[in-house]
Amino acid sequence: MSQTKPVYASFRSIGAYVPEKILSNADLEKMVDTTDEWIVKRTGIKERRIAAEDEHTSDMGTKAAELAIRRSEIAKEEIDLVICATVTPDYFNMPSTACIISNKLGISNVQAFDISAACSGFVYLLSVAKAFIESGMKKNVLVIGAEKFSSIVDYTDRSTCILFGDGAGAAIISATDKKEEGFIDLHASADGAYADFLVTPAPGAIYPVSQKVIDEGLNFVQMKGNETFKLAVKTLTKDVKEILQKNNINSEDIPHFIPHQANYRIIKAVGDALKMREDQVVLTVGKYGNTSAASIPMALNDIYESGRLQTGELMLLDTFGGGLTWASALLPFAGKAINK
Ligand code: UT7
């Protein structure tokens, strides 16, 4: 009797795109009642990037994807699934940003769709790619986290406008028969009981575009910051402890811990609770702010481009966001490293 060989999902490459324009804390001091000192102390953020007016989520996603494809050494014709995580799609209803990106990349006749999991989007994408690959349905999946968060931020609201930025990150996830190259574990979850912690009320079926939406600013992100902060620390810590324990791995043996880049204080609290050394924790929040679904792949791209991420090294991803959603993943980098 013939037996099918097991197939594993492997992380082949990473790419990112960072818009040129910088919005500094000094710029924000001129826009709202805040100070550089307050922002740095409470969030660790010094600046964030803002896309140009005519630069859309799909443009940033396409640029990140082009890099990831080139670095994967896989021809774009071999890609058989394109998925994009975003809460700032080019169009809120249709078509999906994944379809637009596929077209811009010259990839046609492959399945393409978006997912909505806010800041957890990228790790959610990895779970989808893993399921498609390990079931044998797909071989090379292009995953993209892209956000033009500035399009839903109210730049008169000091409690949110200091946090968010724009950008994109992408990766190629491929089938392999080498178990050591495959994802070790991935956990993704959600609790809609906290749906009102992070909301963009409009446009949607509840609030289609109307004068009320414009008058009340319902098209902007609303956040219960402090409540979200406390739950983020608790959930992220618990999630990482569980995935490490389940796989018999000690936190000090993880070379790269890549948490969602929402707030330095959240990252520090989680890192301390896990007894992580500073050199293990990847930090980009200071220069990019919170880029939602793009945050983890942008951070990964940073350590890749600096030569810190080596082939075979373990990556621990941990994220938390609107929904509420959260997810963690433990996987080796199965791509070619940059040698510096
Ligand atoms: O990515 C998805 C998940 N999102 C997050 O994880 C975000 C989590 N939340 C946070 O990062 C933090 O809660 C914030 C940075 C948003 C706020 O920091 P906080 O330490 O939780 O402050 P707070 O909301 O409790 O506000 C403390 C004070 C308030 O003033 P009073 O009431 O004490 O007089 C705020 O009005 O700070 C005030 N405040 C500000 N002051 C100067 C709020 N925003 C600002 C500001 N500049 N930008």
Side-chain angles (χ1 to χ4, degrees), residues 11-21 48-119 121-126 128-129 132-133 137-153 164-174 200 203 288 291-302 304-305 335-336:
F11 197 104
R12 285 281 145 201
S13 66
I14 183 75
Y17 173 75
V18 180
E20 250 174 61
K21 187 181 164 195
R48 61 293 289 143
R49 300 299 178 107
I50 303 294
E53 211 171 308
D54 61 352
E55 187 171 47
H56 309 303
T57 299
S58 64
D59 296 320
M60 294 187 280
T62 301
K63 286 184 177 144
E66 281 168 348
L67 256 187
I69 295 169
R70 197 175 327 135
R71 289 170 177 169
S72 72
E73 298 180 346
I74 283 165
K76 69 179 182 193
E77 291 73 21
E78 294 175 77
I79 293 168
D80 46 10
L81 175 62
V82 178
I83 32 178
C84 179
T86 182
V87 287
T88 49
D90 283 7
Y91 301 98
F92 270 93
N93 303 309
M94 59 184 139
S96 72
T97 304
C99 281
I100 299 169
I101 293 174
S102 300
N103 184 50
K104 286 180 177 168
L105 291 169
I107 296 174
S108 51
N109 296 318
V110 305
Q111 189 175 355
F113 60 93
D114 287 356
I115 65 155
S116 169
C119 304
F122 188 75
V123 186
Y124 264 58
L125 284 180
L126 295 183
V128 176
F132 267 102
I133 287 171
M137 283 177 75
K138 305 288 179 192
K139 285 195 166 54
N140 295 299
V141 183
L142 169 61
V143 298
I144 308 138
E147 301 283 10
K148 187 171 180 173
F149 225 89
S150 59
S151 66
I152 58 165
V153 165
F164 296 100
D166 300 337
I172 294 287
I173 313 301
S174 293
T200 310
Y288 300 147
T291 57
S292 184
S295 133
I296 285 189
M298 284 171 78
L300 265 174
N301 185 67
D302 246 53
Y304 172 80
E305 289 190 348
K336 224 181 185 176

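Only this structure's heavy atoms are used, side chains among them; waters, hydrogens and symmetry mates stay out. Being a predicted model, the structure only gives us computed values, none of them experimental.
S174 places none of its side-chain heavy atoms less than 4.5 Å from the side chain of I133. Using a 4.5 Å heavy-atom cutoff, the side chains of L126 and F11 are in contact. Here the side chains of I79 and I172 are in contact, with some heavy-atom distance below 4.5 Å. In this structure the side chain of Y91 never reaches within 4.5 angstrom of the side chain of T57, judged on heavy atoms. Side-chain contact between K63 and E55: present, with at least one pair of heavy atoms (C-beta onward) separated by less than 4.5 Å. Here the side chains of F132 and I83 are not in contact, with every heavy-atom distance at 4.5 Å or above.
F122 approaches G145 most closely through the heavy-atom pair CD1-N, 4.3 Å. Annotation for P297 and A16: closest pair O-CB, 4.4 Å, computed over non-hydrogen atoms. Between D166 and S150, the shortest heavy-atom distance links the atoms OD2-OG, 2.7 Å. Between Y288 and R48, the closest heavy-atom pair is O-CB, 3.5 Å. Considering every non-hydrogen atom in both A112 and S102, the closest pair reads CB-OG, 3.7 Å. Here the closest non-hydrogen pair linking S13 and S72 is OG-CB, 3.4 Å.
With hydrogens and angles disregarded, no donor-acceptor distance shorter than 3.5 Å links the side chain of E147 to the backbone of G167. No donor-acceptor distance shorter than 3.5 angstrom exists from the side chain of K104 to the backbone of S58, with no hydrogens or angles considered. One N or O on the side chain of D114 and one on the backbone of A98 form a donor-acceptor pair closer than 3.5 Å. For R49 (side chain) and P19 (main-chain N/O), a donor-acceptor pair under 3.5 Å exists by modelled atom type. Side-chain atoms of N103 do not come within 3.5 Å of backbone N or O of I100 as any donor-acceptor pair.
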* Asked: Should I69 and I74 be marked as a side chain to side chain contact (heavy atoms under 4.5 Å, CB included) after you check the CA-CA gap, both sets of side-chain angles, and the distance that decides it?
  -> CA-CA 6 Å; I69 295 169; I74 283 165; 5.9 Å; no

_What verdict does the salt bridge (Lys or Arg N to Asp or Glu O under 4.0 Å) test give for K336 and E73, after you've listed the backbone C-alpha separation in whole Å, the side-chain angles of each residue and the deciding distance to 0.1 Å?_
CA-CA 9 Å; K336 224 181 185 176; E73 298 180 346; 3.2 Å; yes

Evaluation steps, side chain to side chain contact (heavy atoms under 4.5 Å, CB included), between Q111 and D80:
CA-CA 7 Å; Q111 189 175 355; D80 46 10; over 6 Å; no

Next item on the list: Please step through salt bridge (Lys or Arg N to Asp or Glu O under 4.0 Å) for the pair E66 and R71, ending with a clear verdict.
Entry: CA-CA 9 Å; E66 281 168 348; R71 289 170 177 169; over 6 Å; no

Please report the C-alpha distance between S116 and V87 in whole Å, then the side-chain angles of each, then the deciding distance to 0.1 Å, and finally whether the side chain to side chain contact (heavy atoms under 4.5 Å, CB included) criterion is met.
CA-CA 6 Å; S116 169; V87 287; 4.2 Å; yes

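Taking CG from D90 and OG from S151, the interatomic distance works out to 9.5 Å, rounded to the nearest 0.5 Å. Here the CD1 atom belonging to I101 is positioned 12.5 Å from the NE2 atom belonging to H56, to the nearest 0.5 angstrom. For the atom pair CD1 of I173 and CG of L125, the computed distance is 9.0 Å after rounding to the nearest 0.5 Å. L142 CG to E78 CD: the interatomic distance, rounded to the nearest 0.5 Å, is 13.0 Å. Taking CG of N301 as the reference point, atom CG of L67 lies at 6.5 Å (rounded to 0.5 Å). Taking OG1 of T86 as the start and NZ of K148 as the end, the distance is 11.5 Å to the nearest 0.5 Å.
Between F149 and F164, the two ring planes are parallel [angle under 30°; tilted spans 30° to 60°].
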